[in-house]
4 protein chains.
Amino acid sequence: MAAVIEQARQEPQQPSDRASTPVRAGRRRSEESRRAILTAAYELLAEAGYARLTVEGIAARAGTGKQTLYRWWPGRADVLLEAVTAHARQHIPLPDTGDHAADLHAFLAATFAAATPPTTDALRALMAEAQIDPAFGERFHDTLLRPRREALGTLLARAHTAGALAPHLTPATATELAFGLLWYRLLATHEPLDGQLATLLTRTLLR
Amino acid sequence: MAAVIEQARQEPQQPSDRASTPVRAGRRRSEESRRAILTAAYELLAEAGYARLTVEGIAARAGTGKQTLYRWWPGRADVLLEAVTAHARQHIPLPDTGDHAADLHAFLAATFAAATPPTTDALRALMAEAQIDPAFGERFHDTLLRPRREALGTLLARAHTAGALAPHLTPATATELAFGLLWYRLLATHEPLDGQLATLLTRTLLR
Amino acid sequence: MAAVIEQARQEPQQPSDRASTPVRAGRRRSEESRRAILTAAYELLAEAGYARLTVEGIAARAGTGKQTLYRWWPGRADVLLEAVTAHARQHIPLPDTGDHAADLHAFLAATFAAATPPTTDALRALMAEAQIDPAFGERFHDTLLRPRREALGTLLARAHTAGALAPHLTPATATELAFGLLWYRLLATHEPLDGQLATLLTRTLLR
Amino acid sequence: MAAVIEQARQEPQQPSDRASTPVRAGRRRSEESRRAILTAAYELLAEAGYARLTVEGIAARAGTGKQTLYRWWPGRADVLLEAVTAHARQHIPLPDTGDHAADLHAFLAATFAAATPPTTDALRALMAEAQIDPAFGERFHDTLLRPRREALGTLLARAHTAGALAPHLTPATATELAFGLLWYRLLATHEPLDGQLATLLTRTLLR
DNA sequence: AAGTAATCGAGACGGTACGTCTTGTCTTGGA
DNA sequence: TCCAAGACAAGACGTACCGTCTCGATTACTT
């Protein structure tokens, strides 16, 4: 868990940066506190669930003040979002081998592989919060949902151009079918997502 | 809105009944309060969103005490669930004309037609709450999700038996694809669900 | 300590009453919580001093919620004020024997006797808060200071009418001299107030 | 206001000095920051009252860092104390003309004259803080209260030696009566202190 | 008609977390 | 060594709701 989060921030990503003044006075943001908060949030979510995940609890577990959390994130959901995106970054490549079916299958398999127990809890919480807090919903969309949707859309557009897409489907709807299935399993049935399902989806979406 | 809710309870449905003692002494449940609470919850959701929908607010708007709400529902989400199911009941028939494609299309079109603005807000809130409160999640599942999934499953099983299902698909996965698309649009993209989409789905899921 | 506070409220005094509606619905104010809060405040003041006397601490010690305190008092200072006035009520009679010197001495001696260690801490805190929060200052004035000033003023007015007041003095200034000495000792020198001082004041203020 | 404070520091007074090393390396204390802090504190007190006078507010108004304030003063009260003593220094002479009544009256009149609106707010705040923070109370006592009490004590001791004190009074109690009246007016009644009152006090304390 | 029993609106209760504010300390880069 | 800037841990503030618990009043069924 900690290991995962420590990997984030390799490239100076500045997830919630403030200004662009090149030289600034004053103490700099504590990278240690940032990581402690992300880790604490992730751990507490696993232990107690999102309903009992509180800003106070995160700060206490992380050994920081609440103000430090509020200074850098709007609330608990954004902390979780950063933790998840930091984690998920490496796992979503965009294969382009020329074999559309292989590419699609690889993408789906990688996506499904990233949606496993520690992360699924966070994803479900984030999607829930996105419904409740529209402002967070937009950030969630921009940060997590859209990039993945666009990646798959690009992949499927290539297939479409090559005439490989199943009849009647557009890249957009095919994307929605794929992610719809993913999220429906996460949110509604809680069934696992495996390679077999990736195969089935590949066959259904392509000719 | 109020009209919709007033229609519910035609058959004595006892949404959250207590015991089965046939005759009991004492004052009987106030139907007026029940309706006022359902209406107030629905209105407040539309006005302020789920984040600001509170038990206190509902009771105040309905002109009842909080205890009256807690006596008959576990919490705000269950009030909303009853309001939605009362509304949605009439709209989900299970057509069986022999024409699988027509049946499926009719089912999907009816389902999509029910998922329109006043209701979609409630559905999104309910799905969110189901992620946060697992106990409610089960009730949500049993009351709303499963019945619809089973209806579509039955319909698609008939098609499957007749060999009309698209290759590789089982009735279960086809159901997930359909509802996955529905919920993905509700939760993630907020795009409308129209008859055209029902046609596309029908063509994709059937041969 | 507790004993003192329990004596308060003998006559239904209703220190911070709300409305005058004779019949009210709803649960009634908990006398137990009220007493627990007054006692907790008094004890914590003695143990930790006014600087560390917090609303949270009082509520925690009293075993009540913070809201219960805020429902009935504006803040910690008003709790202390009620505790002190409940305590001090019995100790301030207004003697009228005809012997002005004896009356004055009795009044001062009783006043000084009430200003002893457990109470003095509270009085100093109240006077301090009165300087910092003008709104509380007015309540402090109306509840505690003025009644005592008026009592002594009445006593000294009788002496004045009988020509017993020291030359140049009015009842008002004589009152200010007496209470000025009292408060100066409480706030500035922390010297004790004894019967000897009452005698000296009596001789100085009367002929 | 600013003018008053700028006059302070004529003799190098070092209000809260550190060590006695005569010559030290490094940047020297900024007299500009010191004055800005004193002025800002005084202004903010007048504008917002002691309750809203914060270290952060003072530093922001003064254009300094908080650390600069904490480096030279223990807290906001000590800043105010320095501002007041700087102001009050010139106004309290110790007359000795041989005419005890004239001397006393002059002393009282000068003292009362110094206790006027801009300063009274600070005095009331200081006396309040002295009750709440005992450590500051001692500094307040040593810096402001005792010197004045000793001055008046000295004056009255001369009168006592000459047999001019009112019967039963000692220089100490007479001093307490005078300052008690002063502070009671400042803290409790907020009535002004005028020359007439000085006359009355002179007549009461002397034969 | 009297008694019993459950519901109702009202609202106080003990809790918990919120998001903000301020404290006093620490860490920067510059003077 | 000091300074302005500003992040930090800590902790209290006053508020908002939660779900529970009295209350007196009302409404039904049972005797």
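Residue numbering restarts at 1 for every chain, and letters A, B, ... go by the order of the sequence lines.
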Atom [atom1] of [X] and atom [atom2] of [N]: how far apart are they, to the nearest Å?
X: Leu69(D); N: dA5(F); atom1: CG; atom2: P; result: 14 Å
X: Ile132(D); N: dT23(E); atom1: CD1; atom2: P; result: 13 Å
X: Arg34(A); N: dA7(F); atom1: CZ; atom2: P; result: 16 Å
X: Tyr50(B); N: dC17(F); atom1: OH; atom2: P; result: 14 Å
X: Arg52(C); N: dA10(F); atom1: CZ; atom2: C1'; result: 15 Å
X: Glu32(B); N: dT26(F); atom1: CD; atom2: P; result: 15 Å
X: Glu31(C); N: dA12(E); atom1: CD; atom2: C1'; result: 14 Å
X: Phe136(D); N: dG24(E); atom1: CZ; atom2: C1'; result: 18 Å

Taking 4.0 Å as the cut-off, does a side-chain nitrogen or oxygen of [X] come that near to OP1 or OP2 on [N]?
X: Ser33(B); N: dT7(E); value: no
X: Trp73(B); N: dG19(F); value: no
X: Trp72(B); N: dC8(E); value: yes
X: Thr68(C); N: dG14(E); value: yes

Worksheet entry | 5' priority, DNA chain F, between Gly65(A) and Gly57(B) [closest heavy atom] |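 The residue whose closest nucleotide sits nearer the 5' end is Gly65(A).
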
Practice prompt. By nearest nucleotide on DNA chain F, pick out whichever of Tyr70(C) and Gly63(D) is the more 5' one.
Written response: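 By nearest-heavy-atom nucleotide position, the 5'-most residue is Gly63(D).
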
Is any side-chain N or O of [X] under 3.5 Å from a base N or O of [N], one able to act as donor and the other as acceptor?
X: Arg29(D); N: dC2(F); value: no
X: Lys66(B); N: dG11(E); value: no
X: Arg28(D); N: dC2(F); value: no
X: Arg27(B); N: dT7(E); value: yes

Item to complete: Over all heavy atoms of both residues, which pair between Leu53(D) and Leu44(D) is shortest? Give the atoms and the distance, please.
Response: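 Looking at all heavy atoms of both residues, the closest pair is CD1-CB, 3.5 Å.
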
Discussion item. By nearest atom, which of the nucleotides dC13(E), dC13(F), dG24(E) is closest to the Ser30(C) side chain?
Written reply: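 When the side chain of Ser30(C) is considered, dC13(E) is the closest of dC13(E), dC13(F), dG24(E).
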
Worksheet entry | From dT22(E), dT25(E), dA12(F), nucleotide with atom closest to Glu56(D) side chain |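 For Glu56(D), the side-chain atoms sit closest to dT22(E).
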
Discussion item. So Val84(B) and Tyr42(B), do their side chains get closer than 4.5 Å, heavy atoms only?
Written reply: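 Yes. Closest side-chain heavy atoms under 4.5 Å.
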
Worksheet item: Is there side-chain contact between Arg76(A) and Tyr50(A), with at least one heavy-atom pair below 4.5 Å?
Response: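 Heavy-atom side-chain distance check passes, below 4.5 Å.
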
Fill in: Ring-face cation of Arg29(A) near Trp72(A) (centre distance under 6.0 Å, axis angle within 45°)
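So Arg29(A) does make the cation-pi contact.
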
Worksheet item: Which comes earlier along DNA chain E counting from the 5' end, the contact point of Ala59(B) or that of Gln67(A), where each point is its nearest nucleotide?
Response: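 Nearer the 5' end of the strand: Ala59(B).
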
Worksheet entry | Contact nearer the 5' end of DNA chain E, comparing Gly75(A) with Leu53(D) |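 Checking each residue's closest nucleotide, the 5'-ward one belongs to Gly75(A).
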
Worksheet entry | Glu47(C) and Arg52(C) ion-paired at < 4.0 Å |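 Here Glu47(C) does not pair with Arg52(C) in a salt bridge, since their nearest N and O are not under 4.0 Å apart.
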
Worksheet item: Taking atom CD of Glu32(A) as the centre, does the number of heavy atoms from other residues, nucleotides or ligands within less than 6.0 Å exceed 12?
Response: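 It does not: Glu32(A) CD has 12 such atoms or fewer within range.
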
